Chemist: 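Please see the structure below; I have some questions.
What you see is a predicted model, and the numbers here were worked out from it, not measured in a lab. Lettering of chains follows the sequences in order, A, B, ..., and the numbering in each one begins at 1.
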2 protein chains.
Amino acid sequence: MGTSCIIRHFEHYAELTQSDRDLLASLERSPESSPKNTVLWEQGAPSEFFYTVSRGWAVSYRNMENGTRQVLDIYVPGDIIGLREFAFQKRVAGLMVLTDAELCAFPKMRLTEVFSKSILLCSIFFMITARDQAILLERLVNLGRRSAKEKLAHFLVEMCKRLGKTNPAVANELKLPLTQALIADALGLSAVHVSRTFQELKETGQVGVSNGGIEVHDIEGLKEIAGFDPSYLEEDIDAILEHSRRGEINN
Amino acid sequence: MGTSCIIRHFEHYAELTQSDRDLLASLERSPESSPKNTVLWEQGAPSEFFYTVSRGWAVSYRNMENGTRQVLDIYVPGDIIGLREFAFQKRVAGLMVLTDAELCAFPKMRLTEVFSKSILLCSIFFMITARDQAILLERLVNLGRRSAKEKLAHFLVEMCKRLGKTNPAVANELKLPLTQALIADALGLSAVHVSRTFQELKETGQVGVSNGGIEVHDIEGLKEIAGFDPSYLEEDIDAILEHSRRGEINN
DNA sequence: CGCCGCGTTGAAGAAAATCAAAGCACGTGG
DNA sequence: CCACGTGCTTTGATTTTCTTCAACGCGGCG
């Protein structure tokens with residue numbers, strides 16, 4: 001099965017010991033593939049696993065009573081899904097894969113076992129959760145206090161940044177497997193308004209379209225439109241690890 | 001100095017051992033009081049401590065370039081401030097106390113030490129962070145896909161629930177030390193629209209005013225207006241602790 | 001071919017923002 | 001005790017932003 005998905009992910013943050021790797025490997029199940037547009041669970045379903053995305057895109061969403069939908073998160077390869085349900089028995093949101101995808105499951109309840117055995121892994125998990133919160137905050141700002149144009153620009157920049165982290169090649173070409181309706185549901189807008197706003201960005205040259213994908217021509221321009229501040233994506237793992245190691249010595 | 005703030009808070013979740021208590025007590029500094037309207041830090045300031053609120057209200061916010069402001073969180077006694085900055089060197093948002101308040105500081109970097117010494121405390125911290133994320137998600141939904149009236153109703157119900165958790169008396173009388181401008185900044189609305197929306201709720205009898213405070217007359221009505229689903233506030237600590245204890249045995 | 005999902009366009013309407021002024025409660029100083 | 005200032009809320013009029021509805025275009029695919 002090669003290097004497991006989460007090990008690769010975590011080694012991006014810090015050097016793991018062999019026992020850390022063994023520990024992670026013992027938890028991770030083999031990847032499960034799902035064809036595009038599969039709903040893996042609905043909100044309210046029991047929440048026993050979290051997942052890492054090894055291939056494809058997924059989206060978590062909330063269906064509202066009035067028939068609308070709010071997209072809460074968009075997941076790309078390398079992301080972790082469902083950590084936030086650590087404290088809950090049930091899924092707080094539905095999950096759908098957008099493309100053919102592969103996810104690796106982890107039994108949620110064995111996380112505490114990991115925590116007790118490796119302070120390093122514990123710190124990394126905590127760091128990831130805290131960083132995810134910072135991202136959510138930024139999204140809150142996006143929904144609360146930005147115009148449609150700013151929202152869309154900010155969204156595109158964030159996707160660029162996140163994709164660029166694992167795949168430096170895609171710095172300014174975005175092939176998003178997202179419909180405009182889905183982007184609308186992520187930004188709290190209507191689909192037609194997203195379409196119009198895209199037109200605006202095309203006219204002023206920040207984005208373009210090429211065979212179904214979105215091309216980002218001017219990421220700096222988008223950043224300016226959005227008032228983008230990248231600091232919320234720049235977690236600092238080193239300082240934590242420093243102390244984490246010190247904690248280990250104290251053990 | 002009596003029982004420390006965070007110990008009281010944590011014992012609400014689980015029974016701590018004496019060594020857990022000692023560990024927490026060794027970290028917590030004595031409470032610092034701040035007069036109302038004090039800004040404790042601005043976004044971008046170094047982030048070395050997190051805090052527990054032992055008295056008073058506080059609010060974290062983000063100032064936008066266009067002069068507007070987004071309120072990210074409102075903190076009441078018992079809440080923890082700044083855990084989300086675990087992974088960051090800098091504050092991602094400003095913090096202001098709204099009333100005269102007392103906060104207890106914790107050196108952020110000693111968290112990993114706590115994690116390594118007590119799997120129970122580690123689990124509780126993780127649980128709190130995960131639950132905070134669930135609350136943020138609900139707020140995302142609130143900002144993205146609800147009308148002004150629904151937003152306000154949802155906001156009031158959430159505050160009721162959160163206050164009622166520590167103080168069962170205030171189930172349906174709310175004395176909020178919040179201006180309408182601040183509520184507006186929390187909900188992504190303008191202050192005048194919040195005022196108008198309040199009028200609506202008064203006319204239909206869900207809320208009233210008495211000497212400066214807000215009275216909630218009909219919390220069920222508000223829930224219905226908002227489409228309120230309380231499950232995001234009902235974390236389930238027991239299942240986690242069960243496994244946490246098992247983890248400890250494995251040590 | 002014809003259907004279907006998705007994007008685009010236009011027109012009309014609703015929701016909320018903005019601007020400006022006035023009211024009200026409260027504290028302060030004369 | 002009253003006048004005054006200040007911070008917050010309310011109100012009305014106007015404008016902007018976004019939604020809704022409906023229709024059409026367009027490419028892919030059975």
Chemist: Where the side chain of A/Leu189 is defined as all heavy atoms beyond and including C-beta, which of C/dT9, D/dC18, D/dT10 is the nearest nucleotide?
Modeler: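 Closest nucleotide among those given: D/dC18.
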Chemist: So, OP1 or OP2 of D/dT11: does either fall under 4.0 Å of a side-chain N or O from B/Gln199?
Modeler: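 True: B/Gln199 side-chain N/O within range (under 4.0 Å) of D/dT11 OP1/OP2.
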Chemist: Rounded to the Å, how far apart are A/Leu152 CG and C/dG7 P?
Modeler: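 For the pair A/Leu152 CG and C/dG7 P, the rounded distance is 13 Å.
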Chemist: Would you please indicate yes or no on a ring centroid separation below 6.0 angstrom for B/Trp41 and B/Phe49?
Modeler: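 That pair fails the under 6.0 Å test.
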Chemist: Starting the side chain at C-beta, find the nucleotide from D/dT11, C/dA16, C/dG7 nearest to A/Gln180.
Modeler: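 Nearest to the side chain of A/Gln180 among the choices is C/dG7.
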Chemist: B/Arg146 has an atom CZ; how far is it from atom P of C/dA16, in whole Å?
Modeler: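 Nearest whole value for this atom pair: 13 Å.
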Chemist: Of B/Asn37 and B/Arg196, whose closest DNA chain D nucleotide lies nearer the 5' terminus?
Modeler: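 It is B/Asn37 whose nearest nucleotide is closer to the 5' end.
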Chemist: For A/Thr179 and B/Thr68, find the nucleotide of DNA chain C closest to each by heavy atoms; which residue's nucleotide sits nearer the 5' end?
Modeler: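 Its nearest nucleotide lies further toward 5', so the answer is A/Thr179.
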Chemist: Please determine whether a side-chain nitrogen or oxygen atom of A/Ser195 lies at a distance below 4.0 Å from atom OP1 or OP2 of C/dT8.
Modeler: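 Answer yes for this pair, as a side-chain N or O of A/Ser195 is under 4.0 Å from OP1 or OP2.
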Chemist: Provide, to the nearest angstrom, the distance between the CD atom belonging to A/Glu150 and the P atom belonging to D/dC18.
Modeler: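 It works out to 9 Å between those atoms.
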Chemist: Between atom NE2 in A/His193 and atom P in C/dA16, what is the gap in whole Å?
Modeler: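 In whole Å, C/dA16 P lies 14 Å from A/His193 NE2.
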Chemist: According to the ring pair (Phe, Tyr, Trp, His ring centres under 6.0 Å) rule, which pairs have a member within residues 64-86 of chain B, sequence neighbours left out?
Modeler: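 Those involving residues 64-86 of chain B are A/Phe126-B/Phe86.
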Chemist: Determine: side-chain N/O of A/Lys202 to OP1/OP2 of C/dT8, distance under 4.0 Å, yes or no.
Modeler: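 Indeed, a polar side-chain atom of A/Lys202 lies that close.
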Chemist: Any side-chain heavy-atom pair from B/Lys149 and B/Ile225 closer than 4.5 angstrom?
Modeler: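 Heavy-atom side-chain distance check passes, below 4.5 Å.
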